[in-house]
Amino acid sequence: MRTPLIVANWKMNGTVEETLKFLTRFKRSWKAPTSAVEVVLCPPFTALYSLSVALSEGLPVKMGAQNCSWQENGSLTGEISPSFLKELGCHYLILGHSERRTLFGETDEMISKKVAAVLQQEITPIFCLGETGPEREGGKTLQVIERQLSQGIGGVERGFFEKMVIAYEPVWAIGTGLSATPQQAQEAHHFIRDWVAKQKGTALAGTTRILYGGSVSPQNIASFMREADIDGALVGGASLEVDSFIRIVNY
Ligand code: 13P
């Protein structure tokens, strides 16, 4: 019912040259996965155009971006609008990543405005949330997740919510090599699906894809994908190498 989704978040890695080299090697190593899986690459803004040209040559991979403005145009020096990204062929947009929240001061309110702007362009938001280490140790995990859900996407109308992808990324697991256990992730994912059921109805809860992110590797991907409410992964470091990313895609 929910096609698995594997998303590469390259963060601030990947020049145009490196992106094209990755694609060349990716094409060479690519074997169609044995079961259906959707694959998305999210390089930096500067590599999107070259990637979109290369992808038009028939690789079964979609493209996403890592951030955008909540406005369509105007006096916003340095910002990129969702419609510019749509024009380049972005199907997905990572929003509310913990690095944007903690390093660039993005609030739940800002993220919710970005989600609305992206949905207006018929781009699929990958809405990220997750607790910090101290929040987990203080027993506040589910409370934090609930706040991020209700303030970030609580206002999205059901008709638009169909497009939503949610990514649970515990902050303490990002880039640390210390992933959540599949059980910890499943507990959070189940809670998120339950929230969607209560707020948006059981039909949408059944179709909404919820990804896990945080030190996903070729070694641990299968253990996450076995869990009932884990529908894919948002992969950072391990998506930068063709071999490890392909092993993750072919979990
Ligand atoms: P790592 O896979 O490097 O832990 O990064 C996770 C992440 O932040 C993906 O968005």
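Numbering of ligands and ligand atoms starts at 1, following listing order. Sequential numbering from 1 along the given sequence is applied to the chain's residues. Note that the structure is predicted; figures quoted are calculated from it, not measured.
- Contact of the W70 side chain with the S112 side chain is not registered, since no non-hydrogen atoms from C-beta on lie closer than 4.5 Å.
- Scanning the protein heavy atoms around atom 3 (O) of ligand 1, the nearest turns out to be G237 N, 2.8 Å.
- When non-hydrogen atoms are compared, ligand 1 lies under 4.0 Å from neither the backbone nor the side chain of C128.
- Only the side chain of N9 comes within 4.0 Å of ligand 1, judged by heavy-atom distances.
- Checked against a 3.5 angstrom limit, the closest N/O atoms of I174 and ligand 1 fall outside it.
- Salt-bridge annotation for K11 and E99: present, with a side-chain N of the basic residue lying under 4.0 Å from a carboxylate O of the acidic one.
- The distance criterion of under 3.5 Å between nitrogen or oxygen atoms is met by G236 with respect to ligand 1.
- Near G175, with a cut-off below 4.0 Å to any heavy atom, the atoms of ligand 1 are 1 (P), 3 (O), 4 (O).
- Ring planes of F22 and F26: parallel class, angle under 30° (limits at 30 and 60°).
- Side chains of E169 and H97: a donor on one and an acceptor on the other come within 3.5 Å.
- Remark: distances from the non-hydrogen atoms of G213 to ligand 1 are all 4.0 Å or more.
- Contact atoms of ligand 1 toward E169: 6 (C), 7 (C), 8 (O), 9 (C), 10 (O) (distance under 4.0 Å to a heavy atom of the residue).
- Side-chain contact check for E131 and Y168: at least one donor-acceptor pair (N or O, by modelled atom type) lies under 3.5 Å.
- Using a 4.0 Å cut-off to heavy atoms of K11, the atoms of ligand 1 that qualify are 5 (O), 6 (C), 7 (C), 8 (O).
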